[in-house]
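Worksheet: the structure to be examined is printed underneath.
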Amino acid sequence: MTDQVVKDPGPYFEAHVFACTNRRPDGHKRGSCAERGSEKLREYMKARSKELGLEPRIRINSAGCLDRCELGPTLVIYPEGVWYTIHSPADIDEILQTHLVEGRRVERLMLQPDQKELRPEQRG
């Protein structure tokens, strides 16, 4: 028996965007991304990414709870693992162009791993 190293296959998508569309009951203390408009924002992102020709190399998906409810609506882009808060179609346009087209980051919308509340410039 030989110890053969098996290579991972190449990625199916260049980037995978998970947009939280989780909905909690009205009045829940943490709120939810869906009650803050994430479903419409995700639909806009999906349509806009098609218009920009990003699909099929970029995949936009709905996600259940990403556990950053107080910072939402939120999304995370892999393979980088960069998290964003989004509040408007303009935020999405900026993320699509800057992060997914140009390969840079939208610093004002980025969430840090230890962040517990939105900074003033991140509020929608």
Side-chain angles (χ1 to χ4, degrees):
M1 182 177 212
T2 61
D3 290 332
Q4 216 175 4
V5 176
V6 177
K7 290 186 177 184
D8 290 340
Y12 190 72
F13 299 111
E14 288 179 26
H16 213 139
V17 180
F18 293 95
C20 180
T21 56
N22 188 57
R23 182 173 297 279
R24 285 203 170 91
D26 291 343
H28 191 281
K29 66 180 182 176
R30 293 187 73 191
S32 69
C33 289
E35 80 177 344
R36 295 183 187 112
S38 67
E39 294 160 321
K40 286 183 181 178
L41 291 169
R42 183 226 170 243
E43 289 304 315
Y44 175 82
M45 180 177 250
K46 190 163 182 63
R48 189 73 181 112
S49 69
K50 285 181 183 178
E51 289 172 8
L52 293 170
L54 297 176
E55 290 190 11
R57 61 184 186 85
I58 307 294
R59 180 71 177 174
I60 312 293
N61 276 103
S62 290
C65 183
L66 294 173
D67 201 30
R68 300 194 82 183
C69 313
E70 295 81 4
L71 303 172
T74 60
L75 64 82
V76 60
I77 301 175
Y78 289 108
E80 301 94 335
V82 174
W83 289 75
Y84 290 105
T85 185
I86 53 171
H87 301 283
S88 69
D91 290 345
I92 290 170
D93 288 339
E94 189 173 1
I95 291 167
L96 288 173
Q97 182 61 42
T98 304
H99 190 119
L100 295 170
V101 173
E102 299 172 13
R104 298 180 300 118
R105 304 296 178 260
V106 182
E107 189 173 350
R108 70 179 183 84
L109 298 174
M110 283 177 63
L111 297 172
Q112 299 304 315
D114 60 349
Q115 190 171 345
K116 301 292 184 213
E117 58 186 50
L118 295 175
R119 298 184 306 267
E121 71 272 14
Q122 292 178 319
R123 292 189 176 98

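Reckoned from all heavy atoms, side chains included, excluding hydrogens, waters and symmetry mates. All values reported here derive from a predicted model rather than from experimental measurement.
Classification of the His16-Phe18 ring pair by plane angle, with boundaries at 30° and 60°, yields parallel.
Side-chain contact between His28 and Glu35 is absent, with no heavy atoms from C-beta onward closer than 4.5 Å. Here the side chains of Ile86 and Pro73 are in contact, with some heavy-atom distance below 4.5 Å. Arg105 has its side chain within reach of His99: a pair of non-hydrogen atoms, C-beta onward, lies under 4.5 Å apart. No side-chain heavy atom of Gln122 sits less than 4.5 Å from a side-chain heavy atom of Tyr84. Using a 4.5 Å heavy-atom threshold, the side chains of Ile58 and Ser49 count as separate.
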Worksheet item: For Thr21 and Glu39, what are the C-alpha separation, side-chain angles and deciding distance, and is it a side-chain hydrogen bond (donor to acceptor under 3.5 Å, both in side chains)?
Response: CA-CA 6 Å; Thr21 56; Glu39 294 160 321; 5.6 Å; no
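Under the 4.5 Å side-chain heavy-atom criterion for Ile, Leu, Val, Met, Phe, Trp and Tyr, Leu66 and Val82 are members of distinct hydrophobic clusters. By the rule that hydrophobic residues join a cluster once side-chain heavy atoms approach within less than 4.5 Å of another member, Trp83 and Met45 end up as members of separate clusters. There is a path of hydrophobic side-chain contacts, each under 4.5 Å, that joins Met110 to Val17. Residues Tyr78 and Ile92 do not share a hydrophobic cluster, defined by chaining ILVMFWY side chains whose heavy atoms lie under 4.5 Å apart. No chain of hydrophobic side-chain contacts below 4.5 Å, direct or via other Ile, Leu, Val, Met, Phe, Trp or Tyr residues, connects Phe13 to Leu96.
Between Arg68 and the options Leu111, Thr85, Leu75, Val76, a side chain to side chain contact (heavy atoms under 4.5 Å, CB included) holds for only Leu111.
A salt bridge is absent between Glu43 and Lys40; no separation between the charged side-chain nitrogens and carboxylate oxygens falls under 4.0 Å. Ion pairing between Arg30 and Glu70 holds under the 4.0 Å rule for side-chain N and carboxylate O. Using a 4.0 Å cut-off between charged nitrogen and carboxylate oxygen, Glu121 and Arg108 do not count as a salt-bridge pair.
The number of heavy atoms from other shown groups lying within 6.0 Å of CD (Glu107) does not exceed 12.
We find the CG-CG distance between Leu109 and Leu118 to be 10.0 Å, quoted to the nearest 0.5 Å. Note that OH of Tyr44 and CG of Asp91 are 10.5 Å apart. Values are rounded to the nearest 0.5 Å. The CG atom of Leu54 lies 9.0 Å from the CD atom of Glu14; values are rounded to the nearest 0.5 Å.
Counting only distance, with no hydrogens or angles, the side chain of Arg36 and the backbone of Cys69 share a donor-acceptor pair below 3.5 Å. Looking only at distances, no side-chain donor or acceptor of Arg48 sits under 3.5 Å from a matching main-chain atom of Asp93. In this structure, the side chain of Thr98 does not engage the main chain of Val106 through any donor-acceptor pair within 3.5 Å.
Between Gln115 and Leu71 the shortest heavy-atom distance is O-CD1, 3.5 Å. Annotation for Asn61 and Arg59: closest pair OD1-CG, 3.0 Å, computed over non-hydrogen atoms. Nearest heavy-atom pair, Gly72 versus Cys33, reported as atom, atom and distance to 0.1 Å: CA-SG, 3.8 Å. Scanning all heavy atoms of the two residues, the minimum distance from Leu100 to Ala15 falls at CD2-CB, 3.7 Å.
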